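Encoded as structure tokens, the structure appears first; notes follow it.
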Amino acid sequence: MPDPERSQHLNRAKRYHDAIVHVLLREWDPIGVADVPEAQDEYDSYVGQIYGLLVRHEPRHKLIDFLWWVETENMGLCGRRPHTEAIADRLIQIREELEGSSETH
């Protein structure tokens, strides 16, 4: 017999995953691969950590710090701090939309 609670949890995780992937590839995209068909999974390895930060309602600065680390340390790029902060805000907005919350950060 299907477990409705488990199905609901998986559905929520899938919605988060799809939304995070979209933001990382279409809005963040620090290495410019959004239009490269072979690179559509380029940022997938970061989705789990971002998902965790969002569902645990970690402070905004932790999300910014993680994205900044990915850009500047992991990828070795110069980074664009205002853009990184805007992406963190966008991800928080997605959390609020998915959870139907009006919580502020």
Side-chain angles (χ1 to χ4, degrees):
M1 180 177 236
D3 180 353
E5 190 173 315
R6 181 172 167 20
S7 294
Q8 185 178 14
H9 177 74
L10 291 173
N11 188 26
R12 173 183 146 184
K14 172 90 170 93
R15 288 193 319 267
Y16 262 102
H17 178 271
D18 292 348
I20 293 168
V21 166
H22 178 82
V23 168
L24 295 183
L25 194 58
R26 298 290 165 197
E27 298 177 40
W28 182 52
D29 194 23
I31 59 174
V33 297
D35 296 324
V36 179
E38 304 82 17
Q40 297 303 293
D41 62 351
E42 183 65 32
Y43 307 125
D44 286 1
S45 63
Y46 308 116
V47 173
Q49 288 173 277
I50 292 169
Y51 173 74
L53 290 166
L54 291 172
V55 298
R56 289 190 309 270
H57 291 253
E58 295 286 351
R60 175 180 181 261
H61 73 88
K62 288 191 176 187
L63 188 54
I64 293 168
D65 289 348
F66 176 72
L67 292 169
W68 187 249
W69 173 83
V70 170
E71 288 179 41
T72 62
E73 299 294 322
N74 196 46
M75 294 181 177
L77 303 172
C78 292
R80 296 178 296 153
R81 189 71 180 203
H83 180 69
T84 304
E85 292 173 2
I87 295 304
D89 290 339
R90 177 71 179 110
L91 291 165
I92 291 167
Q93 177 187 12
I94 286 169
R95 178 191 67 209
E96 292 169 356
E97 290 168 2
L98 290 174
E99 296 185 6
S101 163
S102 60
E103 176 183 327
T104 59
H105 45 274

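All figures in this text were calculated on a predicted structure; none of them were measured in a lab.
- Residues Trp68 and Glu73 have side chains not in contact (no heavy-atom distance under 4.5 Å, counting atoms from C-beta outward).
- Proximity of Arg56 to Lys62: side-chain heavy atoms (C-beta onward) are nowhere separated by under 4.5 Å.
- When side chains are defined from C-beta on, Val70 does not count as touching Tyr43, because their heavy atoms never get closer than 4.5 Å.
- Residue Ile92 holds its CD1 atom at 7.0 Å from CG of Leu54, rounded to the nearest 0.5 Å.
- Side chain to side chain, Glu71 and His83 fail the donor-acceptor criterion of an N or O pair below 3.5 Å.
- The pair Asp65-Arg60 does not count as a salt bridge, with every side-chain nitrogen at least 4.0 angstrom from each carboxylate oxygen.
- Listed here is the closest heavy atom pair of Ile64 and Ala88: CG1-CB, 3.4 Å.
- With contacts defined as side-chain heavy-atom distances shorter than 4.5 Å, the pair Val55/Arg12 qualifies.
- Other residues, nucleotides and ligands contribute only 12 or fewer heavy atoms inside 6.0 Å of the CZ atom of Arg80.
- We find the CG-OG1 distance between Asp89 and Thr84 to be 11.0 Å, quoted to the nearest 0.5 Å.
- Note that CZ of Arg95 and CD1 of Ile20 are 11.0 Å apart. Values are rounded to the nearest 0.5 Å.
- Using a 4.5 Å heavy-atom threshold, the side chains of Gln93 and Arg90 count as touching.
- Side-chain contact between Leu24 and Asp44: absent, with no pair of heavy atoms (C-beta onward) separated by less than 4.5 Å.
- Annotation: His9, atom NE2; neighbour count of heavy atoms from other residues, nucleotides and ligands within 6.0 Å does not exceed 12.
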